Novice: 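Please see the structure below; I have some questions.
Chain identifiers are assigned alphabetically (A, B, ...) following the order of the sequence lines, protein sequences preceding nucleic acid strands; residue numbering begins at 1 within each chain. Here the structure is a predicted model, which means the values were calculated and not measured.
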Protein chains: 2
Amino acid sequence: MAHKRRSTLKDVALHAGVSITTVSQVVNNSTGGNIRISQETRDRVWQAVQALGYTPNASARSLRTRKTNLLAVLVPDIANPFYPQLIRGIQDVASENGYDLLVYDADDRPEREKAFVEAILRRQVEGVAMVPFYLGREDFVRITQANIAVAIMTSTPPPMPGVDVLQVDDTQALSAMLDHLISKGHRRIAHLSGVLGTIAGDCRLAGYRRALERAGIPFDESLVCIGNFRAGGVPGLIDQLFAQAKQPPTAIFAANDVMAIATIYDLKRRGLRVPDDIAVCGYDNIPEAGMMIPALTTIDQQMQQEGQMLARLLIERLESKNKLVERAIPLEFRLVIRNST
Amino acid sequence: MAHKRRSTLKDVALHAGVSITTVSQVVNNSTGGNIRISQETRDRVWQAVQALGYTPNASARSLRTRKTNLLAVLVPDIANPFYPQLIRGIQDVASENGYDLLVYDADDRPEREKAFVEAILRRQVEGVAMVPFYLGREDFVRITQANIAVAIMTSTPPPMPGVDVLQVDDTQALSAMLDHLISKGHRRIAHLSGVLGTIAGDCRLAGYRRALERAGIPFDESLVCIGNFRAGGVPGLIDQLFAQAKQPPTAIFAANDVMAIATIYDLKRRGLRVPDDIAVCGYDNIPEAGMMIPALTTIDQQMQQEGQMLARLLIERLESKNKLVERAIPLEFRLVIRNST
DNA sequence: AAATATTGATAAAACGTTACAGCAAAAACG
DNA sequence: CGTTTTTGCTGTAACGTTTTATCAATATTT
């Protein structure tokens, strides 16, 4: 199969009998200062473009203009249904604005997050959206110093000048959830945590402790099991929980819906009824949460819209030439009470 | 926040007191023919690289070498848990081999698939993996003519010279599934289809008909409802199914697991027991399928490995400079019998 | 009719990199 | 010691764009 060399501006110029500059200006329909091109030549150029099937070379263009039109997103675990929705949201806004999107799945491995940083620096990505688990201040510094716009979703306040955040302050939502459980009579509420040392994991555990405290329920360490945000480990966690609990829990708060759903099924397999014998609630409101039986009580995050928001933050920052002061957009949470509690 | 200009080869060269060429050769540790550089200079160069925080400019490099080190993947619906796994597989292999990955979610919209084609041509992506729903022969022609490697997952034989396919021949698997249902005594087996006019949708419907025929069961149109691969529409489909069926079905085969799972929950809500009153089976074996209760009988596709395979096909083709004859790798399917049937 | 302004197009330089050929100095050879 | 070979490095020319300045040829003004 003979594949032709891609045609370049030069080819088009030759074919149309004009200069390279002219072709460039026509295809970009440049509007700058004193650029005048007759309709006649414009047509001739477009004809040539069609005839040769010309497509601009993005690398050359980027090299010259210092614009790559690339955004990137880093997610901790693309297999968690939470993140595809976030990605979709980002992609929506990105492609509306002429950006393409690089997606990196860290697969929960710190070294992959580091690799992400290297990759975006190499690629001269213009902006990155992330849900960082392991990256720290020094990584953000490297990124922003390379003049890359950054928007992250996290619970800590803007960690850096020039970094926008979707601020996950779920204190209130977690309190509401715990209050709900308490109002149903629960006092021994267990927590299956996410990975400790990660932002989301630490944050949810802290929120759980805070909410308990506020409700006047003493924190009981034997009711906490350290998980990893994934479904696979859940049966083991439940074993551990029942083994170590001084008194068995009457409710379980899992760090995310994926774990909560796995918990419900596991409890069912053990012959326990949810919510009659034990209540379960999660966090994220992934689509499965509303569908299953019993439907899962959880905290809604509106992932797709948050993705759109992340992308918008980036694009605004880019259009402002990164002169914007950093912003922290508080996220809206909603306790969704269903019949798993 | 003053962001410094990125340092370039030139800066490094100056700092190390050597020529640009030398720096380039060191950082690429070029191995070509007669390139000799003393260890001493190598060290000096690396020091300078460290000192200045030099990162190669990917655009410039691509422009010069005609290698973008970019792959792209197109999926029909990233919210379907099937695809994130595929993406993860692709990403695994891609990053192992030094490629970055552009991800496009078509959101089931034909125009987004078209937009994908434009984007990859602009970007000079080196290879694309796709699960095309709406793209046709002429689109593939455009892509291959631009000398982009293509690997697709589809049920039709290789549609183009130079296009590799993961060949979904599920005739056998579907037969096995239907045989299984029949052996359980089912004769009225309904089908909730995917979108017709899409490759996967048509294929699964055809496979269903073929398998029925082979089993000697007459095809009953009133047992088929046209769905869209998503969970949302399922309750309506079930309504429709029960309304239009001449005789109510005793089993339902959904075109994918997402629909099958939604079906099971919907039936439960109607007070029907699965599998006692009605059996349900799906297709894909997404993680949720094995977890739920009743666990779903389905056809396993090993998505992550298939993703890896797609990426490998691409990379092999790239390394062969696209001189490879097109390949069709038959996929392995496995009927996974669980207790929804 | 001379001076000035406008229109339409272009040549040349730069963006940061890699490939190729070349060249001096040192080493090896006769 | 003269010649050849090897070693270590460098200059230059692309790659395909966009940008800036410039320049003829008209058109408009005085």
Novice: Please report the interatomic distance CG(A:Leu101) to CZ(A:Arg88), rounded to the nearest 0.5 Å.
Specialist: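 Rounded to the nearest 0.5 Å, the CG-CZ separation comes to 13.0 Å.
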Novice: How long is the span from the CG atom in B:Asp164 to the CG atom in B:Leu324, to the nearest 0.5 Å?
Specialist: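 B:Asp164 CG to B:Leu324 CG: 7.0 Å, rounded to 0.5 Å.
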Novice: In whole angstroms, how far is the C1' atom of C:dT17 from the CZ atom of A:Arg122?
Specialist: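 A:Arg122 atom CZ is separated from C:dT17 atom C1' by 15 Å.
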Novice: State whether the side chain of A:Glu326 and the backbone N or O of A:Val163 hold a donor-acceptor pair below 3.5 Å, judged by distance alone.
Specialist: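 A pair under 3.5 Å: no.
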Novice: So which one's nearest nucleotide on DNA chain D is more toward 5', B:Ile37 or A:Ala60?
Specialist: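 Upstream on the strand: B:Ile37.
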Novice: Does a distance-only test, which skips hydrogens and angles, find a donor-acceptor pair under 3.5 Å between the side chain of B:Thr21 and the base of D:dG11?
Specialist: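 Such a pair exists between side chain and base.
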Novice: Does C:dT18 have OP1 or OP2 sitting under 4.0 Å from an N or O in the side chain of B:Ser24?
Specialist: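 True: B:Ser24 side-chain N/O within range (under 4.0 Å) of C:dT18 OP1/OP2.
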Novice: Give the rounded distance in Å between these two atoms: NZ of B:Lys10 and C1' of C:dT17.
Specialist: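 Distance, rounded to whole Å: 13 Å.
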Novice: How many Å lie between CG on A:Leu14 and P on C:dA11, as a whole number?
Specialist: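 Checked: the CG to P distance equals 12 Å.
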Novice: Counting only side-chain N and O atoms of A:Asn57, is one of them less than 4.0 Å from OP1 or OP2 of D:dC15?
Specialist: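 No, because none of the side-chain N or O atoms of A:Asn57 sits under 4.0 Å from OP1 or OP2 of D:dC15.
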Novice: Mind running side-chain contact (heavy atoms from CB on, under 4.5 Å) on A:Thr154 and A:Gln167 for me, showing each step along the way?
Specialist: CA-CA 6 Å; A:Thr154 182; A:Gln167 176 105 32; over 6 Å; no
Novice: Taking N and O atoms by type only, does the side chain of A:Ser19 place a donor or acceptor under 3.5 Å from a partner on the base of C:dA11?
Specialist: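 When only heavy-atom distances are counted, A:Ser19 does not reach the base of C:dA11 through any donor-acceptor pair under 3.5 Å.
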Novice: Name every residue in residues 38-48 of chain A that has at least one heavy atom under 4.0 Å from any atom of DNA chain C, in order of residue number, or write none if there are no such residues.
Specialist: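 Heavy-atom cutoff 4.0 Å gives A:Ser38, A:Thr41.
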Novice: Tell me whether the side-chain N or O atoms of B:Arg64 pair up with the base of D:dA14 as donor and acceptor below 3.5 Å, since no angle test is needed here.
Specialist: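 When only heavy-atom distances are counted, B:Arg64 does reach the base of D:dA14 through a donor-acceptor pair under 3.5 Å.
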Novice: Taking CG from A:Leu9 and P from D:dT17, how many angstroms apart are they, rounded to a whole number?
Specialist: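 A:Leu9 atom CG is separated from D:dT17 atom P by 4 Å.
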Novice: In whole angstroms, how far is the C1' atom of C:dC15 from the CZ atom of A:Arg66?
Specialist: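 In whole Å, C:dC15 C1' lies 6 Å from A:Arg66 CZ.
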Novice: Does a side-chain N or O of B:Arg36 approach OP1 or OP2 of D:dT6 to a distance below 4.0 Å, or not?
Specialist: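 No, B:Arg36 has no side-chain N/O under 4.0 Å of OP1/OP2 on D:dT6.
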Novice: Could you state the interatomic distance from CD (A:Gln304) to CG (A:Leu86), rounded to the nearest 0.5 Å?
Specialist: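 Rounded to the nearest 0.5 Å, the CD-CG separation comes out at 9.5 Å.
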